[in-house]
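Presented below is the structure to which this report refers.
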Amino acid sequence: MSQARVPVGVLASGSGTNLQALLDAAATDDFPARIVVVGSDRPGALALQRAEGMGVPTFTVRRKGHASREDFDAAVAHQLLAHGVRWVCLAGYMRIVGPTFLDAFEGRVLNIHPSLLPAFPGLDAQRQAFEHGVKVAGCTVHLVDAGTDTGPIVAQEAVPVLDGDDAEALRLRILAAEHRIYPRALAWAVADKLRIEGRKVRIDEEGR
Ligand code: GRF
C-alpha cells in the first residue's frame with residue numbers, strides 16, 4: 001500500500017484470541033496498521049506466545065513491581081512509546097488504565113468488551129447477559145475513557161442467544177463476533193476515520 005502503516009501496540013492478559021485476529025488482519029496486504037509490540041501484565045500469557053510466534057516483540061510489566069497504579073501505567077506507556085506506538089488496543093487486558101496512560105496516547109486507546117454496551121459492563125459480561133436471560137447479546141469496540149467500559153462506541157455486533165445455549169456456547173458466539181469487529185474498528189481508527197461528536201462516533205468513510 002502507498003501510505004505507511006500506523007504502529008499499534010496491543011495489551012493482553014489472557015489467551016489472546018482477539019490479539020490473534022488483529023495480528024492476522026495486520027498480516028494482510030491492505031491493512032492500515034501494523035502490530036509493533038504486545039505487552040502484558042502476566043508473564044507467560046498465551047497472548048505473548050502468540051505474538052512471539054509471529055515475530056512481534058513483547059514485554060511484561062507486573063503490577064506488583066510498582067508502588068501505585070500511576071507508576072505502573074507510566075511504565076507500560078513507556079514501553080509502548082519506546083516502540084513508536086500511536087494507537088493502543090486493549091484485548092482482554094485485565095487492568096483499568098488510568099489518566100496517566102490515556103494522556104500518554106491522547107485518547108488513542110481502543111477496548112473490546114463482550115457485551116452490547118452499556119448493558120453488562122465489567123467482568124464476566126457474557127455470563128451476566130446469559131443469566132439475565134437476554135435474547136440478543138453481542139460485543140462492542142469502544143474508545144477508552146476514565147470509566148469502566150464507558151467510552152464512546154465505535155462498533156458493535158449482535159448475536160442471538162439460542163435455545164439450548166449455555167454460557168460457554170454464548171461466550172464462543174460472541175468471541176467470533178469480536179474477532180470480526182475489532183480489526184475493522186482498528187482499521188477505521190488508524191485511518192483517521194473516527195469523528196467523535198460527544199458520545200457519538202461517526203465513521204467517515206471518505207477519510208480526510
Ligand atoms: C474477550 O472476550 C474480550 O472481549 C474481553 O476479554 C476476552 C479476551 O479474550 N475483554 P482473548 O484473550 O482475546 O481470547
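One-based numbering, in listed order, for ligands and for the atoms of each. Computation of the quantities below employed the complete heavy-atom set of this structure, encompassing side-chain atoms and omitting hydrogens, waters and symmetry-equivalent molecules.
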What residue pairs, at least two apart or across chains, pass side chain to side chain donor-acceptor pair (under 3.5 Å) with a residue in residues 89-105?
D41-R95
For ligand 1, list the protein residues that place a heavy atom within a distance below 4.0 Å of one of its atoms, sorted by chain and number.
S15, G16, T17, N18, G92, I112, H113, P114, Q126, E178
Between F59 and H83, how do the two ring planes meet: parallel, tilted or perpendicular, split at 30° and 60°?
parallel
Could you tell me which residues satisfy salt bridge (Lys or Arg N to Asp or Glu O under 4.0 Å) with R171, sequence neighbours excluded, listed by chain and number?
E168
In this structure, CD1 of I153 is separated from CG of L117 (nearest 0.5 Å) by 5.5 Å
Rounded to the nearest 0.5 Å, what separation is found between the CG atom of L175 and the CG atom of L170?
11.0 Å
Can you list the residues that meet the side chain to side chain donor-acceptor pair (under 3.5 Å) rule with Q49, with sequence neighbours excluded?
none
